[in-house]
There are 2 protein chains.
Amino acid sequence: MKRNSRLSLALHTLGHMAADPDDAQTSTEIAEHAGTNPVVVRRVLGRLREAGLLISEKGHAGGWKLARAPADITLADVFAALDEQLFSYDDNTEPAHCAVERAMRQRISSVMTDIERKLVDQLNSISIDEMRN
Amino acid sequence: MKRNSRLSLALHTLGHMAADPDDAQTSTEIAEHAGTNPVVVRRVLGRLREAGLLISEKGHAGGWKLARAPADITLADVFAALDEQLFSYDDNTEPAHCAVERAMRQRISSVMTDIERKLVDQLNSISIDEMRN
DNA sequence: AATAATTGTAACAATATTTGTTACATTAAT
DNA sequence: ATTAATGTAACAAATATTGTTACAATTATT
């Protein structure tokens, strides 16, 4: 089983939708194309809907569509919607016992935050429209 | 249980070592300070040793020390040593069936590679010496 | 009004990963 | 010899991800 294929599924789906923004697709169609299960698709795309990137409609002739223009959805939007940790850095939640430790944690945290901010800037500069050829 | 605390453990340990590069520490000491187990410490630090960042010595009075000057060990070195995925993007290994899919995967992969390269540049600009106050 | 097609979501199993732990062989200083 | 350390295998426990089944709610079609 693969780990964390949510981002992959989201990007590929959004990329396809960007090619034909007015065509709604069902989770079954998307799942077949992505080689997975409709429930998994609804699970992942549900997060994109909560973030305002997608619209879903229930019932007969329902399905999934982009909520706005492909040029207005960036990679940073997708990362944020999936709540992906950009880095795999988890600080210990236990309070630091020594002063050196506390100072270092703060320094590391600030460095990471700075790097992350720059990364988000870069991700924001790429729209899903640009993910297609 | 926490997920992926390896980077945290590695950085904090290296940070402390950078403050006193000549003092060798045992995995038990490090484990107590980090609130974990000596075997876990040896597991994580072993990777740093394989990458040439640390030196370990067996036997009585053995322990762990930096392999080179703190200013010469960067965050990028540490990430690389732990083989961390910078992003949680996993491409499907299955060959793409349609041309649109193939093209998009290539585009995504190239975008990710580009972002990752810039990120590594930034990580390389910060040494573990700078992680302390 | 009945039917069909779709999302939303809960529940559970299967799998993979991470961490913690015990145990023990190996190595080196005392 | 004894002691103290690493190196590593093996396994348990916790957690996360994915796949799957089931079914209620919703909406279009007939």
Checklist line | Interatomic spacing from CE in A:Met17 to CG in A:Asp22 - rounded to 0.5 Å | finding: 12.0 Å

Next item on the list: Measure the CZ-CG distance between A:Arg49 and A:Leu54 for me, rounded to the nearest 0.5 Å.
Entry: 9.0 Å

For [Y], is there any backbone N or O sitting under 3.5 Å from a side-chain donor or acceptor partner on [X]?
X       : Y       : value
A:Asp77 : A:Thr74 : yes
B:Thr13 : B:Leu9  : yes
B:Arg47 : B:Leu82 : yes
B:His12 : B:Ser8  : yes

Check: Just checking B:Ser27: base, sugar-phosphate only, or nothing, at a heavy-atom cut-off of under 4.0 Å?
Finding: sugar-phosphate

Check: Base, sugar-phosphate, or nothing for A:Gly63, non-hydrogen atoms under 4.0 angstrom?
Finding: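 Sugar-phosphate only.
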
Any [X] side-chain N or O less than 4.0 Å from OP1/OP2 of [N]:
X       : N      : value
B:Ser5  : C:dT19 : yes
A:Thr26 : C:dT6  : no
A:Arg6  : D:dA16 : no
B:Thr36 : C:dG20 : yes
A:Arg43 : C:dG8  : no
B:Ser56 : D:dT6  : no

Could you tell me the separation between the [atom1] atom of [X] and the [atom2] atom of [N], rounded to a whole number of Å?
X       : N      : atom1 : atom2 : value
B:Ile55 : D:dG7  : CD1   : C1'   : 17 Å
A:Glu50 : C:dG8  : CD    : P     : 10 Å
A:Leu9  : D:dT17 : CG    : P     : 14 Å
A:Glu57 : D:dA25 : CD    : C1'   : 15 Å
B:Gln25 : D:dT6  : CD    : P     : 11 Å

Notebook entry, point to check: Can you tell which of D:dT18, C:dT7, C:dT18 lies closest to the side chain of A:Trp64?
Noted result: C:dT7

Check: If you count the non-hydrogen atoms of other residues, nucleotides and ligands that lie under 6.0 Å from CD in A:Gln122, is the total more than 12?
Finding: yes

Notebook entry, point to check: Could you run down nucleotides 22-30 of chain C 5' to 3' and tag each one B, S or - for protein heavy-atom contact under 4.0 Å?
Noted result: BB---BBB-

Margin query: If the helix axis at each end comes from five base pairs, how far does the helix from C:dA1-D:dT30 to C:dT30-D:dA1 deviate from straight, to 10°?
Written below: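 For the helix from C:dA1-D:dT30 to C:dT30-D:dA1, the axes at either end differ by 10°.
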
Notebook entry, point to check: Hey, mind stepping through B:Val78 and B:Leu14 against side-chain contact (heavy atoms from CB on, under 4.5 Å) and telling me if it holds?
Noted result: CA-CA 9 Å; B:Val78 182; B:Leu14 288 169; 3.6 Å; yes

